[in-house]
Amino acid sequence: MRLKVTTWNVNSVRLRMSLVARFVAEHRPDVLCLQETKVEDGKFPLGEVRRLGFGHVAYNGQKGYHGVAIFSQLPFDQIEKRDFCAKGDARHIAVRFAPEAGAAAGAVVHNLYIPAGGDIPDPSQNPKFAHKLAFLAELDGWFRGGFPHSQDRAILVGDLNIAPLEHDVWSHRQLLDVVSHTPVETEAMRRVMANGGWIDVMRRFVPETEKLFTWWSYRAADWTKGNRGRRLDHVWASPAIAPMARSIEVLREARGWDRPSDHVPVTAIFELGAARAHAI
DNA sequence: ATGGTGGCACCGCCA
């Protein structure tokens, strides 16, 4: 069974619904994880999402800011929304696929929107950067110890707002002091991955020596000029499911669509084998 | 070297 999972920071799901529809029509993901939906749950465009063919929808939103959602063709039997840093921010949602989801049954998908962290890369001067580091520390604490069962299948996607590797940014040297690529963040991210046992699926398909970006700033007259991008969006997998990954696609062309998000969709395809259920 | 754009809520905040 093929499982196609896409992560996309849409920067307002209501404003971008026609682009979401276009993406779904052209790429048909089984699971679409969105970040920055920017809509409170009571105003979530559930009808439009169902019309796109997703029978199973989970969302965690708030008014104006943040917000995450998972659209799925496969049923789930558990939904979790974790309130990182006890701030009441809508930055996480996870689902576990139900027994009826075939070979995906029991697999868990986490959808995360890590704080951007403001402009000044100093937690003592910038509370937003302090929040980002606290969020990463909590994430590390949560996943520390990895996966209790060797068969636990978990996928973590989202806008993690960190470009961890040298070639995840257009200029490593020029971005070392820029929030998203500072050593304190990239090291914190490496700790989360190492302590949790997560595998960077995108880099299993694109060598670390090759530039790989998922985001290009709005603050440029021409986003293609100089290709000044960053890899802020990620697909991670537990050891039980990482070997089942078959491909990664970064849809760069979506940055050139009419009224685009500043992030583009990232899609992973997994070829799933036998199932085993576990708790989120 | 600085400021650049975009979204939402509301005339500022966050990215």
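The structure displayed is predicted, hence computed values, not measured ones. Just the heavy atoms: all of them, side chains too, but no hydrogens, waters or symmetry mates, feed the values below. Just so it is clear: chains get the letters A, B, ... in the order the sequence lines come, proteins before strands, and each one is counted from 1.
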State whether a side-chain donor-acceptor pair under 3.5 Å links A:Glu253 with A:Trp257. yes

Heavy atoms from C-beta onward define the side chain here; which of B:dC10, B:dA15, B:dG7 lies closest to that of A:Lys38? B:dG7

Can you tell if the side chain of A:Val31 reaches within under 4.5 Å of the side chain of A:Val157, non-hydrogen atoms only? no

A:Val49 and side chain to side chain contact (heavy atoms under 4.5 Å, CB included): which partner among A:Val57, A:Leu32, A:Val20? A:Val57

Side-chain N or O of A:Arg16 less than 4.0 angstrom from OP1 or OP2 on B:dG6? no

Could you check A:Asp233, A:Val10, A:Leu112 and say which one makes a side chain to side chain contact (heavy atoms under 4.5 Å, CB included) with A:Gln35? A:Asp233

Sort and list the pairs that fulfil salt bridge (charged side-chain N to carboxylate O under 4.0 Å, His left out) and have at least one residue in residues 170-192 of chain A, not counting sequence neighbours. A:Lys132-A:Glu185

Any A:Lys128 side-chain nitrogen or oxygen under 4.0 Å from OP1 or OP2 of B:dC14: yes

Considering only atom P, compute the distance from B:dC10 to B:dT5 and round it to an integer number of Å. 24 Å

Rounding to the closest angstrom, what is the interatomic distance between B:dA1 and B:dG12 at atom P? 31 Å

If you only use heavy atoms from C-beta on, which nucleotide in B:dG7, B:dC10, B:dC14 is closest to the side chain of A:Leu15? B:dG7

So does A:Asp258 pair up with A:Arg22, basic N to acidic O under 4.0 Å? no

Please report, rounded to the nearest Å, how far the P atom of B:dC13 is from the NE2 atom of A:His66. 14 Å

What is the distance, to the nearest angstrom, from the CZ atom on A:Arg230 to the P atom on B:dA15? 14 Å

To the nearest angstrom, the CG-P distance between A:Asn9 and B:dT5 comes to 20 Å

Charged N-O contact under 4.0 Å between A:Lys87 and A:Asp89: no

Grab the CD-P distance between A:Gln62 and B:dC14 for me, whole Å please. 11 Å

Atom-pair distance (CG on A:Asp119; C1' on B:dT2), nearest Å: 13 Å

Quick check on B:dG7: is either OP1 or OP2 less than 4.0 Å from any side-chain nitrogen or oxygen of A:Arg259? yes

Sorted by chain and residue number, the side chain to side chain contact (heavy atoms under 4.5 Å, CB included) partners of A:Pro75 (sequence neighbours excluded) come out as A:His56, A:Ala98, A:Glu100, A:Ala101

Dot-bracket encoding of pairs in DNA chain B, which uses [ ] for pseudoknotted crossings and | for another strand, Watson-Crick or G-U under 3.5 angstrom: ....((((...))))

Say we look at B:dA9 and B:dA15: how far apart would their P atoms be, to the nearest angstrom? 15 Å

Would you mind classifying the nucleic acid contact of A:Ala116 as base, sugar-phosphate or nothing, using non-hydrogen atoms under 4.0 angstrom? sugar-phosphate

Given DNA chain B, 5'-ward residue of the pair A:Ser217 and A:Glu36, judged by closest heavy atom: A:Ser217

Rounded to whole Å, the OH-P distance (A:Tyr218 to B:dT5) equals 13 Å

I'd like the P distance from B:dG6 over to B:dT2, given in whole Å. 23 Å

Tell me the interatomic distance from A:Phe129, atom CZ, to B:dA15, atom P, rounded to whole angstroms. 13 Å

5'-most by nearest nucleotide on DNA chain B - A:Pro260 or A:Tyr65: A:Pro260

Does A:Arg91 make a side-chain N or O approach to OP1 or OP2 of B:dA15 shorter than 4.0 Å? yes

Nearest whole Å is fine: how far is B:dC14 C1' from A:Lys132 NZ? 13 Å

